[in-house]
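Contents: one structure, followed by commentary.
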Amino acid sequence: MVGNSNKKVQFVIKSSKFCNLRCRYCYEYAELGNREAIALEQLEQMYKNIASYYAQLEHPTDIDFIWHGGEPLLQHPDYYWRAFDLQQKIFEPLTGSVRNAVQTNLTVLNKERLRLLREGFDAMGVSVDLFGGLRVDRSGVNSQATVLANMERLRAENISFGCVTVLTKLNLPYIQEIYQFYETRGIHFRLLPLFDGAFDGQHAGYEIEASEVLSAFQTIFELWLASENPVAVEPLATYIKQIFNHYSSQKKTSIYNKREWEWIYLLNVNGDVYSYADAYNPEFSHGNLFTTPLAEIISGTQHQKVIDAAEKRIASACKSCPYFGSCSGYPAAEESVGYHQVDTEGNAKCVQVKGILAYMERRFKQVGIINPITGSLNIKGHENEEVLALNGIW
């Protein structure tokens, strides 16, 4: 039985790096021509190594598999149907749920794949940047027209999806247009700041500074706050909840304790496991899930090394932050490395997250949602109550 008390964990599975696009910022760029894929036999062993760990825990665990690439939908749909069958057989004894999501460029779509998206996967993210022209095929042709047409096919088929837009220097001037695109279609989305590339200099010409990311987040927040038909935007929806928790009379403290529970793992095509912060850094690989049970990986020395580094980043960036406890410290632990907010000694800074939390706090006081004198929340009956409710924030 699945309940609210269940623990949650995600496994981001790189089923293959092979891709039909050559998005200019892609951190998998060097391997996009490699057709190697995880074999079903490897998936079966990986499932067993995962299930054996969560089966022996006292509390139920909800497990999400996020299928990633490359372009995961270049695999034949039968690959996923067989992968799902293996899941059902191996995870059936567990008391938590097992779900599957896919992150796709949505350039390959036919009847078989539509059925897979409708009946197989539980959730889907579509990558589309809308402006900037960086998501191109191998011939340099922009893929956007195809993606937008296929998004309309999904909508016509009543297949739900969200979107991911990567924020770069090139689409930074179009923040308002990006929000309005999703708002008019009622599509929730994530604004994802440009992450580390595959090689030095890859982002030359469209790299983005932390201060520019913060400015974009502020603009999106203002558009969302003023909207009559708001759509959820991550990570801003999460940050808003953190500010409200910070001022709640029933405040709940949340600290990212990687030593106690790790809730997201990245699995490479060869089975090597990483934390989000350390993707593909061989010095920080936890181990290999094709050959080693998860219990051994978690208790291993490599995993302890990764934990120590994450805890150092939290200690350096979070301990003096007024929002720590409402913000768990996860951004410093897992996101600061890829966003170049770590100094040469491994200490993290928190320009983007701390900055937007402070901005939201100030604006909520100005509009009266937070009483600036008493610090109490005044959401009930406020003109923005409906906006907050529509986004599941209130």
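Starting from 1, each residue takes its place in the sequence as its number.
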For this session: Indicate whether the side chain of S127 and that of Q103 have a donor and an acceptor atom separated by less than 3.5 Å.
Result: yes
Exercise. With F221, which residues qualify under ring-ring contact (aromatic ring centres under 6.0 Å, His included), at least two apart?
Worked result: F364
Exercise. Can you list the residues that meet the side-chain hydrogen bond (donor to acceptor under 3.5 Å, both in side chains) rule with E283, with sequence neighbours excluded?
Worked result: none
Problem set entry | Any donor-acceptor N/O pair, Q42 side chain to A39 backbone, under 3.5 Å | yes
Exercise. Looking just at side-chain N and O atoms, do N49 and Q45 make a donor-acceptor pair shorter than 3.5 Å?
Worked result: yes
Exercise. Do any pairs count as a ring pair (Phe, Tyr, Trp, His ring centres under 6.0 Å) and have a residue in residues 89-112, sequence neighbours left out, and if so which ones?
Worked result: Y47-F91, F65-F91
Problem set entry | Under 3.5 Å donor-acceptor, Q302 side chain and S285 backbone | yes
Problem set entry | Residue pair I38, F290: steps toward the side chain to side chain contact (heavy atoms under 4.5 Å, CB included) verdict | CA-CA 10 Å; I38 298 176; F290 294 164; 3.7 Å; yes
Exercise. For D62, does its backbone N or O pair with a side-chain atom of N6 as donor and acceptor, under 3.5 Å?
Worked result: no
For this session: Give me the ring orientation class for F84 and Y80: parallel if the planes are under 30° apart, tilted from 30 to 60°, perpendicular past 60°.
Result: tilted
For this session: May I ask you to establish whether K319 and F324 are in a cation-pi arrangement, using a distance under 6.0 Å from NZ or CZ to the six-membered ring centre and at most 45° from the ring axis?
Result: no
Exercise. Are V342 and V213 linked, directly or through other ILVMFWY residues, by side chains that come within less than 4.5 angstrom of each other?
Worked result: no
Exercise. Without hydrogens or angle criteria, can the side chains of E71 and T104 be said to hold a donor-acceptor pair below 3.5 Å?
Worked result: yes
For this session: Say whether, by atom type as modelled, one donor and one acceptor occur between the side chain of T374 and the main chain of S376 under 3.5 angstrom.
Result: yes
Exercise. Under the 3.5 angstrom rule, does the side chain of K14 hit a backbone N or O of L267 as a donor-acceptor pair?
Worked result: no
Exercise. Could you give all pairs that pass the side chain to side chain donor-acceptor pair (under 3.5 Å) test and reach residues 205-215, with sequence neighbours left out?
Worked result: K169-E212
Exercise. If you draw the axis of the six-membered ring of W263, does the NZ or CZ of K7 fall within 45° of it and under 6.0 Å from the ring centre?
Worked result: no
Problem set entry | ring pair (Phe, Tyr, Trp, His ring centres under 6.0 Å) partners of residues 336-358, not counting sequence neighbours, each pair once | F195-Y339
For this session: Side-chain contact test, heavy atoms from C-beta onward, threshold under 4.5 Å: evaluate it for I13 versus I66 and give yes or no.
Result: no
Exercise. Quick one: salt bridge (Lys or Arg N to Asp or Glu O under 4.0 Å) partners of D196, sequence neighbours excluded?
Worked result: none
Problem set entry | Inter- and intrachain pairs under side chain to side chain donor-acceptor pair (under 3.5 Å), touching residues 265-277, at least two apart | K17-N268, K258-S275, E262-S275, N270-D272, D272-N288, S275-H286
Seminar exercise, completed: For residues 347-364, the side chain to side chain donor-acceptor pair (under 3.5 Å) pairs (sequence neighbours left out) are E222-Y359, E222-R363, Y247-E361, Y323-E361, Q341-Q352, D343-N347, R363-Q366
For this session: Kindly say whether L130 contributes a backbone atom to a donor-acceptor pair with the side chain of N171 at under 3.5 angstrom?
Result: no
Exercise. What are the two closest heavy atoms between P93 and K89, and how far apart are they?
Worked result: CD-O, 4.2 Å
Exercise. Between the side chain of D278 and the main-chain N/O of F284, is any donor-acceptor distance below 3.5 Å?
Worked result: no
Exercise. Does one side chain, of S143 or N105, offer a donor that lies under 3.5 Å from an acceptor on the other?
Worked result: no
Problem set entry | salt bridge (Lys or Arg N to Asp or Glu O under 4.0 Å) partners for E177, two or more places apart | none
Problem set entry | Side-chain donor-acceptor pair present, E334, Y256, cut-off under 3.5 Å | yes
Seminar exercise, completed: Between the CG atom in N245 and the SG atom in C327, the distance rounded to the nearest 0.5 Å is 11.0 Å
For this session: Could you tell me whether the side chain of K251 and the main chain of F244 form a donor-acceptor pair under 3.5 Å?
Result: no
Exercise. Which pairs, with at least one residue in residues 134-160 and sequence neighbours excluded, count as a salt bridge (charged side-chain N to carboxylate O under 4.0 Å, His left out)?
Worked result: R118-E157, E152-R155
For this session: Please check if the side chain of N150 supplies one atom and the backbone of L106 the other of a donor-acceptor pair under 3.5 Å.
Result: yes
Exercise. Is there a donor-acceptor contact under 3.5 Å from the side chain of Q75 to the main chain of P72?
Worked result: no
Exercise. Mind checking what makes side chain to side chain contact (heavy atoms under 4.5 Å, CB included) contact with S254, not counting sequence neighbours?
Worked result: S328
What side-chain donor-acceptor pairs closer than 3.5 Å can you find for residues 183-193, not counting sequence neighbours?
residue : atom : partner : partner atom : Å
E183    : OE2  : S227    : OG           : 2.3
T184    : OG1  : Q180    : O            : 3.1
T184    : OG1  : F181    : O            : 3.0
R185    : NH1  : F181    : O            : 3.0

Exercise. Y280 and E31: side-chain donor and acceptor closer than 3.5 Å?
Worked result: no
Exercise. Less than 6.0 Å separating the ring centroids of W261 and H59?
Worked result: yes
